[in-house]
Amino acid sequence: MQKNLVIVESPAKAKTIEKFLGKDFKVMSSYGHIRDLKKKDLGIDIENGFTPLYEIPADKKDVVGELKKSAKGAEMVWLASDEDREGEAISWHLYQTLGLKPENTKRIVFHEITKDAILNAIENPRTIDTHLVDAQQARRVLDRIVGFELSPVLWRKVKPALSAGRVQSVAVRVIVEREREIQNFKSEASYRVVAIFTKDGNEIKAELTKRLKSKEEAQAFLEKLKTATFSVDDVEKKPVTKSPAAPFTTSTLQQEASRKLGFPVGLTMSVAQRLYESGKITYMRTDSVNLSGLAINASKAEVEAAYGKEYVKSRKFSTKTKGAQEAHEAIRPTYMSEHTITGSAQEKKLYDLIWKRTIASQMADAQLERTVITIGISNDEMRFVAEGEVLKFDGFLHVYLEGTDDEDADREEGLLPAVKKDELLALSETTATERFTQRPPRYTEAALVRKLEELGIGRPSTYAPTISTIQNREYVQKSNIEGVQRQYNVLSLKNGKISDKEKTETVGADKNKLVPTDIGVVVNDFLIQYFPDILDYNFTANVEKSFDSIAEGKKEWKKSISDFYERFHPTVEAATNMQTDHKVGERLLGDDPKTGKPVSVKIGRFGPMVQIGTPDDEEKPQFASLQKDQSISTITLEEALKLFDLPRTLGEYEEKNVTVAVGRFGPYVKHDNKFVSLPKEEDPFSIDLAKAIILIEDKRKKDRQ
DNA sequence: CAGTGAGCGAGCTTCCGCTTGACTT
């Protein structure tokens, strides 16, 4: 018979804690939530005051059975789930489901898995906070209502099996709006002027403080420089310090692993999970930047031993994230003394990142000296400025520098030669390069996570799943976008002569970035039109405020949900009953010149399609699917009509028809009931019989091998 | 492995947030 049973959420945590507690304690895991709203139907009794209908999911029956057995035999059950809204609810569900009694149940919490923290928690038990539990029930019920009432509207109005929800729909909105910004972006050109001066054989690279608006202006300026002299107007030196970034949270780990290792967020999480389960790092789903005292001391010792005393600086970071619940520590190595680990290549890389980030967070600031030289022009008011930075003490930079999302941080600053005020400088070369303003960047998975975190939407445990959901529903996809060639102009002045060159560059190319699909755009626009409150970027922040009042006992949760429902449900009814002539998201392109019938594009049962005619016509309408690279919002009438040219019959080969069409796996040639995929460079609209026969023969040869 | 789609019809799809394995290729 066991004296004490402790229940935590994670089995890895259970194992660790059991070691701290000794023989009188058995530690088990609940594996997260053990009860949830009924899987089928709404799972909420709206008529009876929004009473949740809970059930134990099939895959949790075994766990609950085991826990029940152990609880029965224990003198005291210690509910040790996380100290946040969800954790409190887990304890409450355990209390109810296991049939526990107040006299032999205690609720304990700790934020770090250290012996002291756990023993201290055992000394200071409390009871379940029912207000906090109610806040969780409100959160759960609200999410179910929003998701299960919105999704069916989409099934009826757009396409079956779609989904909408408080988190995913806003995530899609972020992507759709960014794509629109990119589409509407007009880049503006200006001339960036850079001059190279010389001083005792050293070069000083300086930029004109103003960009010039036109080529004429740039030419006139270079012309003027031919006769100008240059002198140092000012030399300014000032110390600059740089501080290390806070230790990793789930979100920042995902961002850095994406920037530095190229990991998608799902991969980062599964690699981190393995590191956690093998005891190498602390818990990987956290919004806290806090390190335990133990970790801070261990880091200090490591820094001192490896780099010396002057590199030590112990720091405590505080969370600025909206809605953070801080039930755990930051993500850090369990043992700072393990600089490297054994494991897969991915595990090693991720561990290395975590170790460096953690150790750097406990190191001294970097000290730099920044020099700014202002150079005057004898015959013009404008000035050149050269900036240089010299590292005086590297501090934390010795081990780690946080990455940036800024793709064109092309500033190269280094040591500048010593110059004095009023000193004359010789100009060796000046170039005026045409530069264009940049469109906003598309999101990577990790950048979207950062945006969601900024908006206070979603939790560490849901960032990666949310990113998967919106891709699985085909609202967004990771795409490679081909860039376009652009001409730009470079004027340069050297040895008293001005040269004028045209250069080309590729712009707008993107790799593995999130781009909305037609379905994503149509669903988004529909939701924003009919449910603007739910799609509002502040919706989550606002409901969080009301969850907070429930947690503080100032508001009754069922009343709060009832108020919401009274406002929300009528909008669902209105959207369901709305009647229009056209399907949601449909776009009319014009009339078909052959038949005079209207041509439109819209979302069909199987995705984006073109339609000629309407069901009211005597003849049935004609249909064709859009190609992969086409979209409802940009396709033209011509392009749409062309889709009806397929399937094409090219002619006969061996007395059988050769046809070309586009199928599920792209364009193909069909002959004698055999299929041959078209290579990328072949176009199904223009390929001829001769080329098709070559493809057929190639395929035969390959099949024979 | 290679399009489909406009109406008889049954029943299905779906949320967010806690947690891991148990599956396949």
Side-chain angles (χ1 to χ4, degrees), chain A residues 8-14 29-37 39-44 57 59-60 62-63 81-82 84-91 93-94 136 139-156 159-169 171 269-270 273-274 276-277 283-285 325 327 457-466 469 472-473 534 540 543 583 602-611 613-617 619-625 646-647 659-670 673-678:
Chain A
V8 295
E9 291 175 40
S10 144
K13 196 167 165 180
S29 161
S30 74
Y31 294 82
H33 277 293
I34 52 142
R35 267 206 317 191
D36 191 15
L37 296 176
K39 210 161 97 98
K40 252 180 77 112
D41 309 321
L42 189 62
I44 300 159
D59 59 334
K60 285 293 165 60
D62 288 352
V63 180
S81 48
D82 297 343
D84 59 14
R85 201 161 64 203
E86 298 297 325
E88 204 66 21
I90 288 173
S91 279
H93 281 299
L94 283 167
Q136 193 275 348
R139 199 281 303 156
R140 182 67 192 93
V141 165
L142 178 111
D143 281 337
R144 176 56 75 86
I145 289 174
V146 170
F148 276 38
E149 293 218 345
L150 287 188
S151 300
V153 180
L154 296 179
W155 304 343
R156 293 182 63 156
K159 203 172 100 94
L162 294 177
S163 65
R166 174 176 60 82
V167 173
Q168 60 168 284
S169 296
M269 292 314 285
S270 66
Q273 176 91 29
R274 286 203 295 277
Y276 168 65
E277 284 172 4
Y283 196 58
M284 65 281 152
R285 290 185 277 263
Q325 307 203 8
I457 296 172
R459 304 277 313 127
S461 67
T462 62
Y463 293 137
T466 300
T469 299
N472 289 339
R473 298 268 176 277
I534 306 293
T540 290
V543 293
K583 182 134 195 253
K602 60 186 168 184
I603 302 289
R605 265 214 294 153
F606 311 106
M609 64 171 206
V610 201
Q611 174 179 313
T614 62
D616 308 334
D617 299 340
E619 288 169 80
K620 264 179 137 190
Q622 283 182 277
F623 306 101
S625 288
L646 296 177
T659 57
V660 58
V662 176
R664 274 213 286 168
F665 311 111
Y668 63 92
V669 172
K670 191 178 173 191
N673 273 325
K674 291 196 178 72
F675 298 87
V676 188
S677 288
L678 254 60

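In what follows, chains carry the letters A, B, and so on, assigned in the order in which the sequence lines appear, proteins first and then strands, with residues in each chain numbered from 1.
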Could you check whether any side-chain heavy atom of [X] comes within less than 4.5 Å of a side-chain heavy atom of [Y], counting everything from C-beta outward?
| X | Y | result |
| --- | --- | --- |
| A/Met284 | A/Arg274 | no |
| A/Phe606 | A/Ser625 | no |
| A/Arg605 | A/Lys159 | no |
| A/Ser10 | A/Tyr276 | yes |
| A/Thr659 | A/Val669 | no |
| A/Ile34 | A/Ile90 | no |

May I ask you to say what [X] touches in the nucleic acid, namely base, sugar-phosphate or nothing, with a heavy-atom cut-off under 4.0 Å?
| X | result |
| --- | --- |
| A/Arg473 | sugar-phosphate |
| A/Val167 | sugar-phosphate |
| A/Gly607 | base |
| A/Gly165 | sugar-phosphate |
| A/Ala327 | nothing |
| A/Leu162 | sugar-phosphate |
| A/Gln168 | sugar-phosphate |
| A/Ser151 | base |
| A/Gly87 | nothing |
| A/Ser30 | nothing |
| A/Ser625 | base |

For the pair made of [atom1] in [X] and [atom2] in [N], what is the distance, rounded to whole Å?
| X | N | atom1 | atom2 | answer |
| --- | --- | --- | --- | --- |
| A/Gln622 | B/dT4 | CD | P | 12 Å |
| A/Arg605 | B/dT13 | CZ | C1' | 14 Å |
| A/Leu37 | B/dG17 | CG | P | 14 Å |
| A/Lys159 | B/dT14 | NZ | C1' | 14 Å |
| A/Ile534 | B/dC15 | CD1 | P | 15 Å |
| A/Asn673 | B/dG3 | CG | P | 11 Å |
| A/Asp36 | B/dC15 | CG | P | 13 Å |
| A/Lys602 | B/dT4 | NZ | P | 17 Å |

Practice item. Determine, for A/Arg459 against A/Glu86, whether the closest basic-nitrogen to carboxylate-oxygen distance falls under 4.0 angstrom. Key: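 No, A/Arg459 and A/Glu86 are not salt-bridged.
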Candidates [options] - which lies nearest the side chain of [X]:
| X | options | result |
| --- | --- | --- |
| A/Lys620 | B/dG7, B/dT14, B/dA2 | B/dG7 |
| A/Met609 | B/dT13, B/dG17, B/dG5 | B/dG5 |
| A/Arg166 | B/dA2, B/dG17, B/dG5 | B/dG17 |

Exercise for review: Go through the structure and list residues passing side-chain contact (heavy atoms from CB on, under 4.5 Å) with A/Pro667, not counting sequence neighbours.
Suggested key: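 Scan of A/Pro667 (side-chain contact (heavy atoms from CB on, under 4.5 Å), adjacent residues dropped) gives A/Val662, A/Leu678, A/Pro684.
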Practice item. Output all residues satisfying salt bridge (charged side-chain N to carboxylate O under 4.0 Å, His left out) with A/Lys60, sequence neighbours left out; order by chain, then residue number. Key: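 In terms of salt bridge (charged side-chain N to carboxylate O under 4.0 Å, His left out), with neighbours along the sequence ignored, A/Lys60 is linked to no residue.
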Review point. Residues two or more places apart in sequence or in another chain: which of them pass salt bridge (charged side-chain N to carboxylate O under 4.0 Å, His left out) with A/Glu9?
Key: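 A/Glu9: no salt bridge (charged side-chain N to carboxylate O under 4.0 Å, His left out) contacts found.
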Check your understanding: Can A/Phe606 be said to stack with the base of B/dT4, given centres closer than 5.5 angstrom and planes under 30 degrees apart?
Key ->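 So A/Phe606 counts as stacking on the base.
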Check your understanding: Are A/Phe148 and the base of B/dT14 stacked, counting only ring centres nearer than 5.5 Å and planes tilted under 30°?
Key ->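 So A/Phe148 counts as stacking on the base.
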Think [X] has a side-chain N or O under 4.0 angstrom from the OP1 or OP2 of [N]?
| X | N | answer |
| --- | --- | --- |
| A/Ser163 | B/dC15 | yes |
| A/Gln611 | B/dG5 | no |
| A/Tyr463 | B/dG17 | no |

Practice item. Please report the C-alpha distance between A/Ser163 and A/Ser151 in whole Å, then the side-chain angles of each, then the deciding distance to 0.1 Å, and finally whether the side-chain hydrogen bond (donor to acceptor under 3.5 Å, both in side chains) criterion is met. Key: CA-CA 5 Å; A/Ser163 65; A/Ser151 300; 5.3 Å; no
Hey, does the side chain of [X] reach the backbone of [Y] with a donor-acceptor pair shorter than 3.5 angstrom?
| X | Y | answer |
| --- | --- | --- |
| A/Lys13 | A/Val8 | no |
| A/Arg144 | A/Leu42 | yes |
| A/Gln325 | A/Arg85 | yes |

Point to revise | Under-3.5 Å donor-acceptor pair between A/Arg144 side chain and B/dC16 base | key: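 No.
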Revision key, fill the gap. A correct dot-bracket answer for DNA chain B, with pairs being Watson-Crick or G-U at under 3.5 Å, [ ] for crossing pairs and | for inter-strand pairs, is .........................
Polar atom pairs between nucleotides 18-22 of chain B and protein, under 3.5 Å, N or O only, would you list them?
{"unit_1": "B/dC18", "atom_1": "OP1", "unit_2": "A/Arg459", "atom_2": "NE", "d": "3.2"}
{"unit_1": "B/dC18", "atom_1": "OP2", "unit_2": "A/Ser461", "atom_2": "OG", "d": "2.7"}
{"unit_1": "B/dC18", "atom_1": "O3'", "unit_2": "A/Glu9", "atom_2": "OE1", "d": "3.2"}
{"unit_1": "B/dC18", "atom_1": "O2", "unit_2": "A/His33", "atom_2": "N", "d": "2.6"}
{"unit_1": "B/dT19", "atom_1": "OP1", "unit_2": "A/Tyr283", "atom_2": "OH", "d": "2.3"}
{"unit_1": "B/dT19", "atom_1": "OP2", "unit_2": "A/Tyr283", "atom_2": "OH", "d": "2.7"}
{"unit_1": "B/dT19", "atom_1": "OP2", "unit_2": "A/Arg285", "atom_2": "NE", "d": "2.9"}
{"unit_1": "B/dT19", "atom_1": "O5'", "unit_2": "A/Tyr283", "atom_2": "OH", "d": "3.3"}
{"unit_1": "B/dT19", "atom_1": "O4'", "unit_2": "A/Gly32", "atom_2": "N", "d": "3.4"}
{"unit_1": "B/dT20", "atom_1": "OP1", "unit_2": "A/Ser10", "atom_2": "OG", "d": "2.5"}
{"unit_1": "B/dT20", "atom_1": "OP2", "unit_2": "A/Gln273", "atom_2": "NE2", "d": "3.1"}
{"unit_1": "B/dT20", "atom_1": "OP2", "unit_2": "A/Arg285", "atom_2": "NH2", "d": "2.7"}

Under 3.5 Å, which N/O atoms of the protein pair with N/O atoms of nucleotides 10-12 of chain B?
none

